[in-house]
Enquirer: 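Sharing a structure here in C-alpha cells format.
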Amino acid sequence: KQEVTQIPAALSVPEGENLVLNCSFTDSAIYNLQWFRQDPGKGLTSLLLIQSSQREQTSGRLNASLDKSSGRSTLYIAASQPGDSATYLCAVLASNTGKLIFGQGTTLQVKP
Amino acid sequence: SAVISQKPSRDICQRGTSLTIQCQVDSQVTMMFWYRQQPGQSLTLIATANQGSEATYESGFVIDKFPISRPNLTFSTLTVSNMSPEDSSIYLCSVGGDLGTEAFFGQGTRLTVV
C-alpha cells in the first residue's frame, strides 16, 4: 500500500531564507508527483507536477525534484517571503490504483 | 488548466440535516473526484463521479451518507446526509490527476456541524 510522508510537519523560518521541504513515498510505481499549496481553510493550488520520467520542475522561486528509485521528492523555495506561509502538500499518483495519495503536509511560517 | 467553482465556501449546519455541495468546472471532464479533509488531516478520497454512471465510493464511504450526482460533464454535487459533528471537515472537488494529468481543486467547502 502506497504511503506518503512529509517531513518536517511544521517549519518556521525568517524571511529571505532558502528552504527545502521533503516528501517520501513507499512504492516507486507512480505516474507522477504533484506539489500543492493550501491556505488555511481553503482549497489546494497546484504548484508543480513532475512526471515519473522527469527529475525536476521549476516555476519561479520553486524547484521540485524527484528521485523515483529512492522514493523521494524535495520542494525548494528560494528567498522565502511571508506570503509563502501556507501548508504544502505532496501527492503521488499511484500506478496500481490511478488515485492520488497525499502526504500529511508541511506547515510553513515565514516571519517578516 | 481547469477552473473549478465550488459552493458554498462554508456553512454551519445543525446535526441531523443535510448539505449539498456544488462543483462547476469550466471545461468538460470525464471524471470528477470528491475528497474530505478532516481537521488537521490530509485529504481522503470519498468517491469518483463519472457522468452517466453511479459514483464509485472508496472504502469507508457509502452512497446513503454521501450521495453524488453527475448530470453532465461540467457539474457534480456531493450531499452530506444526516450530519453529525464528526462530519465537520473541508470537502473538496477535483478534476484531473487521472491518466497522469495535473490535478486541480476547487476552493473547498468548510463544513461545521453543531
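So that the names make sense, note that chain A is the first sequence line, chain B the second, and so on, each numbered from 1.
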Enquirer: Under 3.5 Å, is there a donor on one side chain and an acceptor on the other for B:D87 and B:S89?
Expert: no
Enquirer: Quick check on B:I90 against chain A: is it the side chain, the backbone, both or neither that has a heavy atom closer than 4.5 Å?
Expert: side chain
Enquirer: What's the shortest heavy-atom distance between B:L111 and B:Y91, and which atoms?
Expert: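 Nearest pair, atom of B:L111 first, then B:Y91: CD2-CE1, 3.7 Å.
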Enquirer: Name the region of A:Q38, side chain, backbone, both or neither, that has any atom closer than 4.5 Å to a heavy atom of chain B.
Expert: side chain
Enquirer: Quick check on B:F33 against chain A: is it the side chain, the backbone, both or neither that has a heavy atom closer than 4.5 Å?
Expert: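 For B:F33, neither part sits under 4.5 Å from chain A.
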Enquirer: Between B:Q24 and B:S5, do the side chains contain an N or O donor and an N or O acceptor separated by less than 3.5 Å?
Expert: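 No, because no side-chain N or O of B:Q24 sits under 3.5 Å from a partner of the opposite role on B:S5.
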Enquirer: Tell me, for A:Y31 versus chain B, whether the close heavy atoms (under 4.5 Å) come from the side chain, the backbone, both or neither.
Expert: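 The side chain, not the backbone.
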Enquirer: With a 4.5 Å cut-off on side-chain heavy atoms, are A:L93 and A:I30 touching?
Expert: no
Enquirer: Side chains of A:Q51 and A:S53 only: does a donor on one sit below 3.5 Å from an acceptor on the other?
Expert: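 Note: A:Q51 and A:S53 side chains miss the donor-acceptor criterion.
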Enquirer: Sort A:Q104 into side chain, backbone, both or neither according to what part of it lies under 4.5 angstrom from a heavy atom of chain B.
Expert: both
Enquirer: Measure distances from B:T101 to the heavy atoms of chain A and classify the residue's part below 4.5 Å as side chain, backbone, both or neither.
Expert: backbone
Enquirer: Could you tell me which portion of A:L44 (side chain, backbone, both or neither) has an atom closer than 4.5 angstrom to a non-hydrogen atom of chain B?
Expert: both
Enquirer: Shorter than 4.5 Å, heavy atoms on both sides: which option in B:Q41, B:R110, B:Q107, B:R10 has the most such pairs with chain A?
Expert: B:Q107
Enquirer: Looking just at side-chain N and O atoms, do A:S46 and A:Q34 make a donor-acceptor pair shorter than 3.5 Å?
Expert: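 The criterion, which ignores hydrogens and geometry beyond distance, is satisfied for A:Q34 and A:S46.
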Enquirer: Using non-hydrogen atoms only, which part of B:Q6 is less than 4.5 Å away from chain A: side chain, backbone, both, or neither?
Expert: neither
Enquirer: Using a distance-only test with no angle check, is there a side-chain donor-acceptor pair under 3.5 angstrom linking A:W35 and A:S73?
Expert: yes
Enquirer: Based on non-hydrogen pairs under 4.5 Å, which of A:G98, A:A91, A:G41 is most in contact with chain B?
Expert: A:G41
Enquirer: Do the side-chain N and O atoms of A:N63 and A:E56 include a donor-acceptor pair separated by under 3.5 angstrom?
Expert: yes
Enquirer: If you count heavy-atom pairs under 4.5 Å between each of A:G105, A:G43, A:S52 and chain B, which one has the most?
Expert: A:G43
Enquirer: When heavy-atom pairs shorter than 4.5 Å are enumerated against chain A, which of B:L43, B:T48, B:I4 gives the highest number?
Expert: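 Max contact count across the listed options: B:L43.
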